There are 2 protein chains.
Amino acid sequence: MPTHYKGTKEEVTVLNVFIKLTRSTESLFQYLSIKLKRYGITEAQFGVLEMLYHLGPLQQNQIARKLLRSRGNITFIIDKLEKMNLVKRVVDAEDRRCTEVYLTPKGEALIKKIFPMHLKEIVSIFSVLNSNEKQLLEKICKKISKRILTQKEDKPQ
Amino acid sequence: MPTHYKGTKEEVTVLNVFIKLTRSTESLFQYLSIKLKRYGITEAQFGVLEMLYHLGPLQQNQIARKLLRSRGNITFIIDKLEKMNLVKRVVDAEDRRCTEVYLTPKGEALIKKIFPMHLKEIVSIFSVLNSNEKQLLEKICKKISKRILTQKEDKPQ
DNA sequence: CTTAAACAATTTAAGTCTAAACGATGCCGA
DNA sequence: TCGGCATCGTTTAGACTTAAATTGTTTAAG
């Protein structure tokens with residue numbers, strides 16, 4: 001369902017790409033989120049567990065920066081994970097303002113089990129792309145990310 | 001920041017593409033959402049106004065389907081827009097279960113003003129892509145959307 | 001020292017979203 | 001015609017998110 005907007009050729013093209021990108025990523029994330037719900041966790045919770053699993057213990061502010069979420073939100077997510085005994089908080093002895101977040105054995109067991117299944121879903125979806133397309137998509141995404149950063153710097157706030 | 005996951009080459013490749021896609025689209029939507037906030041509306045509200053502007057009056061359930069949102073959420077969004085006098089609800093005389101949503105003159109004036117500015121932001125971001133890349137991105141997104149649909153049908157719920 | 005500024009995490013208030021249940025309406029076969 | 005089923009919009013409860021204010025800690029300047 002392309003746009004009905006009448007503008008320059010360039011505008012119409014961009015708008016169509018943008019709409020396709022929006023639709024496809026939204027349905028992708030909705031789809032994956034439904035799959036994760038089976039295991040009793042949300043996408044955000046999975047994101048934290050996966051990060052701790054592959055990068056090791058992290059401070060909350062590091063997690064916030066990496067996941068593009070507010071610190072308040074990370075507090076909320078870690079609260080939930082801690083209640084489920086999947087992670088534990090340890091106050092940093094060096095700098096008592098910071099808390100390090102660790103996977104518990106239960107948390108590690110869970111992410112160890114879930115991650116491969118989740119990855120399988122993603123691989124299955126991306127299997128419609130040939131290796132050239134995957135490579136190009138990665139390149140395009142990098143360009144867009146970079147562009148947004150410079151755009152932000154140009155006219156901040 | 002690529003993944004630290006050790007798996008097959010295929011898995012590592014897909015995971016990297018997926019991460020890049022996630023990061024870039026999230027920062028894209030966050031960026032655009034901040035821009036819209038200047039005009040006192042949210043992305044979701046903009047989506048409804050833009051849809052009505054380009055497609056004409058629509059029923060709430062049509063809007064829900066097109067925007068991939070729940071019907072309850074559309075009720076919520078239309079409530080807000082109606083309070084701001086940007087849209088009005090009219091019960092369908094043919095089928096009194098349905099309500100048609102119309103832009104008010106004020107709503108039309110607003111979207112008429114905002115849309116070109118918003119489009120300019122999007123065009124500016126996508127200007128880092130050459131026309132071949134834009135074309136490819138659109139093709140790739142279509143493929144992914146289609147893949148998700150068939151995936152859903154295969155193992156529903 | 002002491003105090004001000006910077007920073008980490010938490011709390012709070014407000015907003016947005018979904019799923020599920022509900023009431024009203026329309027459709028259709030018996 | 002009537003009774004059951006489907007569909008529409010709304011309501012509700014609960015989850016998630018951010019921004020801003022708050023608390024506690026560190027750092028650095030006087």
Side-chain angles (χ1 to χ4, degrees), chain A residues 22 25-27 29-49 57-84 87-102 157, chain B residues 22 26-27 29-49 57-84 87-102 156-157:
Chain A
T22 306
T25 53
E26 276 183 4
S27 42
F29 295 135
Q30 276 187 14
Y31 176 78
L32 292 175
S33 157
I34 289 169
K35 294 288 173 180
L36 281 180
K37 211 174 284 180
R38 288 183 184 172
Y39 308 119
I41 60 173
T42 65
E43 254 190 301
Q45 290 166 358
F46 178 85
V48 172
L49 294 178
L58 294 170
Q59 294 178 354
Q60 291 188 194
N61 64 81
Q62 294 176 308
I63 297 173
R65 267 195 300 275
K66 284 177 200 292
L67 291 185
L68 303 177
R69 311 280 173 134
S70 68
R71 278 176 303 160
N73 188 23
I74 297 301
T75 293
F76 178 82
I77 296 169
I78 302 291
D79 280 351
K80 299 279 173 179
L81 291 174
E82 211 174 25
K83 263 176 208 146
M84 292 190 271
V87 304
K88 67 174 187 294
R89 284 178 164 101
V90 177
V91 174
D92 187 337
E94 307 277 320
D95 184 342
R96 304 218 313 285
R97 291 172 302 182
C98 306
T99 64
E100 203 88 14
V101 183
Y102 290 79
Q157 190 230 2
Chain B
T22 305
E26 274 183 5
S27 41
F29 295 136
Q30 276 187 14
Y31 176 78
L32 292 175
S33 157
I34 289 168
K35 295 289 173 181
L36 282 180
K37 212 175 283 180
R38 290 183 185 172
Y39 309 117
I41 60 172
T42 65
E43 255 190 300
Q45 290 166 358
F46 178 85
V48 171
L49 293 179
L58 293 169
Q59 295 178 356
Q60 291 189 194
N61 64 84
Q62 293 177 308
I63 297 173
R65 267 195 298 276
K66 285 177 200 291
L67 292 184
L68 303 176
R69 312 278 172 138
S70 67
R71 280 175 301 156
N73 187 23
I74 298 301
T75 294
F76 177 80
I77 296 169
I78 302 291
D79 280 351
K80 300 277 175 181
L81 291 174
E82 211 174 23
K83 263 175 208 147
M84 292 190 270
V87 303
K88 67 174 190 291
R89 285 179 164 101
V90 176
V91 174
D92 187 338
E94 307 277 319
D95 185 342
R96 303 218 315 286
R97 289 172 303 181
C98 305
T99 64
E100 203 88 15
V101 183
Y102 290 79
Q157 191 225 5

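All of these numbers come straight from a predicted model, not from anything done at the bench. In what follows, chains carry the letters A, B, and so on, assigned in the order in which the sequence lines appear, proteins first and then strands, with residues in each chain numbered from 1. No hydrogens, no waters, no symmetry mates; every other heavy atom, side chains included, goes into these values.
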Return the minimal non-hydrogen interatomic distance between [X] and [Y], and the atom names on each side.
X	Y	result
E43(B)	S33(B)	OE1-CB, 3.8 Å
P57(B)	E100(B)	O-OE2, 3.6 Å
I77(B)	A44(B)	CD1-CB, 3.7 Å

Tell me whether the OP1 or OP2 atom of [N] has a side-chain N or O from [X] closer than 4.0 Å.
X	N	answer
R89(B)	dT10(D)	yes
K80(B)	dT16(C)	yes
Q62(A)	dA8(C)	no
R69(A)	dT17(D)	yes
Q59(B)	dT7(D)	no

Hey, does the side-chain of R97(B) have a donor or acceptor N/O within less than 3.5 Å of a partner on the base of dT7(D)? yes
Looking at R71(B) and dG9(D), is any side-chain donor or acceptor paired with a base atom of the opposite kind under 3.5 Å? yes
Quick check: on DNA chain C, is the nucleotide nearest D95(A) upstream (toward 5') of the one nearest N73(A), or the reverse? Name the residue that is more 5'. D95(A)
Residue met sooner reading DNA chain D from 5', once G72(A) and F76(B) are mapped to nucleotides: F76(B)
Mind checking whether T25(A) and F29(B) have side chains closer than 4.5 Å, heavy atoms only? yes
Close side-chain approach of T75(B) and R89(B), heavy atoms under 4.5 Å: yes
Output the single nucleotide from [options] whose closest atom is nearest the side chain of [X].
X	options	value
T42(A)	dT18(C), dC16(D), dA8(C)	dC16(D)
A44(A)	dA9(C), dT17(D), dT10(D)	dT17(D)
T75(B)	dT25(C), dA9(C), dT10(D)	dT10(D)

Whole-Å gap separating [atom2] ([N]) and [atom1] ([X]):
X	N	atom1	atom2	value
E82(B)	dT10(D)	CD	C1'	13 Å
R65(B)	dC8(D)	CZ	C1'	10 Å
E100(A)	dA9(C)	CD	P	9 Å
I77(B)	dT16(C)	CD1	C1'	8 Å
L58(A)	dA8(C)	CG	C1'	15 Å

Heavy atoms only, 4.0 Å cut-off, all strands: where does T99(B) land among base, sugar-phosphate and nothing? sugar-phosphate
